[in-house]
Amino acid sequence: MRDAPAVDRIRAGQMAEPSTAGRFGGFGGRFVPESLVPACQEVERAFREAWADPRFRGQLDRLLAGYAGRPTALTPAWRLSGDLGITLLLKREDLAHTGSHKINNVLGQALLARRMGKTRLIAETGAGQHGVATATAAALLGMRATVFMGQRDIERQALNVFRMEMLGAEVVPVTSGSRTLKDSCNEAMRHWVGAVEDSYYCIGSVMGPHPYPWMVREFQRVIGDEARTQCATELPAAVPDYVVACVGGGSNAAGTFAGFVDTSARLIGVEAAGGAAMTDGAVGVLHGFRSRVLQDDQGQIAEAHSVAAGLDYPGIGPEHAHLGELGRATYVTVGDDEVVAAVHRLARSEGILCALESAHAVAWVIRAAESGELPPGATVLLTLSGRGDKDMSALMELA
Amino acid sequence: MRDAPAVDRIRAGQMAEPSTAGRFGGFGGRFVPESLVPACQEVERAFREAWADPRFRGQLDRLLAGYAGRPTALTPAWRLSGDLGITLLLKREDLAHTGSHKINNVLGQALLARRMGKTRLIAETGAGQHGVATATAAALLGMRATVFMGQRDIERQALNVFRMEMLGAEVVPVTSGSRTLKDSCNEAMRHWVGAVEDSYYCIGSVMGPHPYPWMVREFQRVIGDEARTQCATELPAAVPDYVVACVGGGSNAAGTFAGFVDTSARLIGVEAAGGAAMTDGAVGVLHGFRSRVLQDDQGQIAEAHSVAAGLDYPGIGPEHAHLGELGRATYVTVGDDEVVAAVHRLARSEGILCALESAHAVAWVIRAAESGELPPGATVLLTLSGRGDKDMSALMELA
Amino acid sequence: MTLETHLRAVREGGRTALVPYVTGGITESWTDLLAAYEAAGADAIEIGLPFSDPMLDGVTIQEASDRSLARGTTVESILSDLAGISVGIPLIAMTYANLALRDGFCARLRAAGVVALVVPDVPLDEVSDLERSAAAAGVELVLLAAPSTPPAKLPEIATRSRGFLYAISRMGTTGEAGELAESATVLADAIRNATDLPVLVGFGVSTPAHAVHAARHADGVVVASTLMRALLDGATPSEVGARVAAMRTALDTMAP
Amino acid sequence: MTLETHLRAVREGGRTALVPYVTGGITESWTDLLAAYEAAGADAIEIGLPFSDPMLDGVTIQEASDRSLARGTTVESILSDLAGISVGIPLIAMTYANLALRDGFCARLRAAGVVALVVPDVPLDEVSDLERSAAAAGVELVLLAAPSTPPAKLPEIATRSRGFLYAISRMGTTGEAGELAESATVLADAIRNATDLPVLVGFGVSTPAHAVHAARHADGVVVASTLMRALLDGATPSEVGARVAAMRTALDTMAP
Ligand SMILES: Cc1ncc(COP(=O)(O)O)c(C=O)c1O
Ligand SMILES: Cc1ncc(COP(=O)(O)O)c(C=O)c1O
């Protein structure tokens with residue numbers, strides 16, 4: 001990890017609105033076919049209006065509280081903290097309805113879609129968590145939902161497919177390319193081109209064309225805002241020394257960081273070693289935005305490989321690329337073995353079975369505390385993005 | 001359903017402490033071998049002290065809020081309400097950590113066990129939810145856990161077995177009798193006889209010898225107390241017309257009813273048609289208490305059969321037998337088909353995949369609203385005791 | 001003559017009471033065991049009325065109960081089997097609360113010639129109802145004490161127990177054991193301190209040596225799992241009887 | 001001569017521009033298609049530089065791209081294949097932003113004799129960078145308009161497009177179609193209203209009849225998926241060329 005940047009200098013204005021072109025520094029934008037530009041503009045317009053409308057905010061807040069179970073708890077991980085010689089606080093997105101932070105974003109977008117007069121949600125999904133969240137919101141608001149999912153993921157995540165179908169969603173197998181998440185994104189985008197009239201594309205992370213990376217971060221900032229308030233009660237210094245979250249596309253991290261970007265907290269995003277767009281990627285354009293992307297030396301997109309299906313994404317949200325470039329956030333990687341060990345360790349020490357995605361953040365904290373990279377006594381806020389139920393059969397196979 | 005009882009006359013003092021002999025009217029008691037009497041007395045003494053100790057209450061409240069995610073949301077089921085012509089509010093125990101109300105009780109008992117100086121929890125489990133909750137609390141408090149589970153249930157619920165093992169618990173297969181929940185209760189009790197010194201028997205419902213039925217109800221009353229407060233905000237009349245919960249042993253129902261027993265609300269407990277101790281059982285003694293129990297004409301205990309493993313119990317908590325005898329609560333049954341249909345209907349109309357156990361309550365509300373038994377406009381509080389993730393593979397097989 | 005009188009007489013005769021057990025209905029010819037036990041020198045016989053959920057029984061008696069129930073055994077069938085035979089020593093029923101608390105249960109026992117009853121899941125604090133119906137029917141209700149029972153409670157248990165006082169040898173279920181638990185003799189001594197009611201030790205009395213050891217502290221022993229194990233493993237009634245006879249011999253020849 | 005001058009000349013000659021497509025590197029002998037297209041009367045050729053994630057392509061071009069990439073095709077290999085041949089009509093590259101925005105990309109195209117570039121995922125609002133590097137390299141950057149593009153935006157797209165303006169026939173991806181979408185002619189008319197830059201219609205132009213229909217409203221057509229489908233299904237370059245020739249004939253003999 002690098003030294004702490006001169007936070008005061010750069011933090012002002014961080015994680016505010018992107019430029020009118022949807023840029024975070026040199027990243028972001030709206031690299032979509034001309035066919036989709038008006039649809040993206042319509043989403044942007046609608047989001048700006050809605051986000052400034054107290055009635056919309058009130059509606060969303062009511063759903064987040066009365067339906068999704070917010071605020072989620074902040075749990076001091078006493079036993080693990082003791083073992084590691086730090087103070088570790090867990091922001092419990094695993095307790096949110098449907099089992100991860102994905103619901104925060106999806107409720108926001110689904111309400112927005114309804115407000116725009118759309119009757120159908122389109123979504124891509126990898127592990128199925130975003131697909132389940134989308135199917136859930138569609139059921140709740142009486143909309144239709146179509147979820148694109150790679151054929152390989154469908155086979156790996158049969159239970160989530162069934163959950164989506166029970167919720168009334170149509171799950172469309174994607175057989176192109178690597179038949180995983182990135183191909184589902186392509187396919188959802190392709191489908192959207194032909195369905196913009198009545199359909200809203202509900203993107204699952206801080207990715208895609210403007211305004212999605214910004215909008216999804218805004219819908220997820222509830223994580224960071226809540227955690228900020230909760231830390232103020234829980235920590236003598238009010239603000240933790242470190243704020244840690246796993247990064248696939250980067251939505252739970254973005255939402256978390258947004259609550260702390262204006263503080264002295266060091267922000268750490270943890271990527272899967274096999275899908276580390278920040279560490280191993282190069283600047284490129286994928287799925288409508290410019291960011292760091294895993295690609296070969298020809299510019300062909302590489303497949304990401306992680307034990308956590310939700311981190312199997314070759315890109316990273318553009319704002320993360322920007323925060324990384326600025327040095328305001330630091331991006332690190334952990335390997336599958338550490339991650340699986342971290343799931344087990346958290347289970348045994350705190351009684352929490354977290355998602356493999358979330359375990360990336362846990363694994364880094366364990367490693368950094370044990371190596372001394374995290375100084376003894378450090379206070380750490382970690383966003384536990386989801387629960388591990390969906391991963392049990394994968395873990396059983398590994399066991 | 002019977003007519004509303006003269007509530008005012010009988011509600012005073014309802015669901016208070018049982019008699020010193022642990023009786024609710026003619027039910028309850030402590031039918032255990034003399035060997036276990038001192039252990040039960042020790043638990044009773046410790047519970048009385050702890051429950052009167054603001055420090056213990058504070059500890060438990062902190063765990064419930066900061067760890068288990070309480071208060072759980074109260075969700076208006078808008079679309080289903082509209083379809084049924086009633087106002088249906090769902091108390092969302094499915095959002096509690098580990099996925100059901102079981103955690104409320106287990107955290108209470110585990111804290112109590114630690115306070116008593118015990119280092120190990122023993123538990124029985126059927127579907128595995130109570131076992132997972134017990135393993136969770138043990139991990140959290142750094143205790144050992146041994147969970148007895150019928151060999152047949154182990155085969156049906158492999159995922160929950162793995163969850164318990166990941167949490168560090170030892171799962172002991174029970175091969176006696178019908179190799180299901182009731183046999184696990186016997187086996188846990190047998191094991192406790194030989195382990196009272198360092199081990200605490202953490203019973204999973206309002207059953208077992210005194211003080212368990214009372215204590216578990218007290219640990220679960222947080223459901224009803226929260227719901228009472230939430231209803232006061234949500235409903236013009238402050239109190240719902242009906243309060244409905246599913247009944248296996250009856251802990252989520254007891255905890256819910258406790259919050260409303262002193263109101264005009266009608267209390268409805270919904271049993272599985274294949275495990276309806278109130279409707280089909282006779283007075284008897286099982287697992288340490290006197291209550292209504294499914295048994296043949298010889299007094300041999302019958303096996304319960306329900307699509308919901310958590311309701312596969314041939315008895316019912318003694319306080320329910322008492323409330324039923326008084327007419328203060330009414331106990332009804334629903335069949336497996338209605339229950340499966342109710343899971344699907346709730347999923348599609350509200351985006352909530354509930355546990356098959358909880359779906360019993362939903363199924364009754366649907367049936368009663370459609371038959372006119374629930375008058376149009378009725379307000380109904382329903383405790384959704386758990387989430388459906390654990391049931392997905394069973395539902396897939398049925399689909 | 002009551003069971004208590006009988007056991008007091010055994011004690012006064014300088015003899016250790018030997019009470020072997022059989023699960024009623026475990027085989028078609030289970031009553032042959034009663035004759036075998038009597039012939040082997042038993043002083044009384046405990047007959048288990050099998051229950052589906054025997055909370056205080058270990059694997060052997062569980063298996064015996066299951067086998068018997070699977071044969072279609074009922075309380076009725078056991079009692080009517082008894083009607084057909086005559087045994088010269090007292091018969092004691094052992095079963096669980098759910099069967100024992102059924103209307104008319106004690107009266108039916110008595111009518112079939114059973115004189116006493118042991119119900120392990122009805123402790124002192126819950127005993128009133130059963131005590132009343134047993135007394136009304138003329139059945140002696142035997143109470144139990146366990147190693148965990150506080151000594152202060154023993155006098156009351158002893159006062160209300162009829163027939164004898166059943167000392168549970170250890171903190172555990174029924175079942176064979178390698179050694180007689182230390183707790184058995186401690187408890188038996190404590191009971192003797194509190195009462196002159198005959199005290200019989202049960203649970204894990206598996207060998208003649210166990211019986212002899214127990215007899216130094218108690219007035220007798222109940223022997224169950226080891227016999228049922230032999231039977232389940234294929235021993236004939238006379239082979240099982242031979243085990244009882246071996247215990248009898250050991251007890252009768254024990255060093256004073 | 002620029003592509004634009006060329007296409008204006010085609011228009012002024014009363015002829016409808018016919019631009020067939022091939023996925024570069026789809027077969028070992030893919031450049032044979034260039035000759036076949038030229039021989040069949042094509043006015044220019046669009047060469048797809050395959051990308052792993054072709055967001056605006058339907059199944060046929062996806063399959064063609066995958067097949068080509070699986071053969072080990074790279075931008076380099078395609079451009080060096082071109083170095084070995086000579087074609088008498090303009091070559092237009094078509095690819096996605098992640099390839100097109102790589103340093104030196106446009107210069108390399110130009111060096112290989114490719115005169116123009118179409119990048120479907122770089123819309124007007126994002127075009128500046130690419131516009132600059134294309135201009136610097138002397139590559140004409142063709143912009144696209146879609147049925148959803150507001151008419152008010154067409155003049156700016158037209159002003160900044162070089163070579164021609166690509167009219168996306170329908171709200172959808174590339175791919176064969178039963179009929180030419182109504183939206184194609186509506187869009188082409190709107191573009192003609194806004195500019196006199198040549199307008200070519202693409203996406204779903206699958207038959208001579210489609211081409212003729214489109215040509216009534218536009219200056220030419222781009223034909224892609226139907227040709228790649230034939231090739232993927234086993235057609236030889238000359239068979240694929242025959243399809244282009246059929247379109248040529250239909251366009252040349254179309255009722256005015
Ligand atoms: C539990 C969980 N955490 C994290 C992620 C990664 O998404 P993001 O990086 O957008 O938070 C996923 C994606 O599926 C997920 O399911
Ligand atoms: C989700 C859920 N609901 C209900 C029950 C039944 O228990 P009780 O009747 O004690 O609430 C169970 C038991 O496993 C359960 O898992």
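Just so it is clear, the model here is predicted, and its values are computed rather than measured. Numbered from 1 within each chain, the chains take letters A, B, ... in sequence-line order.
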Which distance, rounded to the nearest 0.5 Å, do you find between the [atom1] of [X] and the [atom2] of [Y]?
X: Arg102(C); Y: Asp297(B); atom1: CZ; atom2: CG; answer: 7.0 Å
X: Gln300(B); Y: Leu99(C); atom1: CD; atom2: CG; answer: 5.0 Å
X: Arg30(B); Y: Asp121(C); atom1: CZ; atom2: CG; answer: 14.0 Å
X: Asp125(C); Y: His210(B); atom1: CG; atom2: NE2; answer: 10.0 Å
X: Gln298(B); Y: Thr74(C); atom1: CD; atom2: OG1; answer: 4.5 Å

Using non-hydrogen atoms only, which part of [X] is less than 4.5 Å away from chain C: side chain, backbone, both, or neither?
X: Gln41(B); answer: side chain
X: Val196(B); answer: side chain
X: Leu286(B); answer: side chain
X: Pro38(B); answer: side chain
X: Glu187(B); answer: side chain

Counting only heavy atoms closer than 4.5 Å, note whether Pro120(C) contacts chain B via side chain, backbone, both or neither. backbone

The interface call for Leu143(C) against chain B, heavy-atom contacts under 4.5 Å, is neither

Would you call Glu34(B)-Lys153(C) a salt bridge at under 4.0 Å N-O? yes

Count the heavy atoms of every other residue, nucleotide or ligand shown that sit under 6.0 Å from CD of Glu197(B), and state whether that count exceeds 12.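 Atom CD in Glu197(B) is not packed in, count stays at 12 or less.
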
With a sphere of 6.0 Å drawn around CG of Asp196(C), does it hold more than 12 non-hydrogen atoms of other residues, nucleotides or ligands? yes

Of all of [options], which one pairs up most often with chain B through heavy atoms under 4.5 Å apart?
options: Glu76(C), Glu63(C), Met171(C); answer: Met171(C)
options: Ala146(C), Pro123(C), Pro147(C); answer: Pro123(C)
options: Val127(C), Asp66(C), Thr173(C); answer: Thr173(C)
options: Ala145(C), Pro150(C), Ser148(C); answer: Ser148(C)

Considering heavy atoms only, which positions within residues 45-58 of chain C lie below 4.5 Å of chain B?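 Under the 4.5 Å heavy-atom cut-off, Pro50(C), Phe51(C), Ser52(C), Asp53(C), Pro54(C), Met55(C), Leu56(C), Asp57(C) qualify.
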
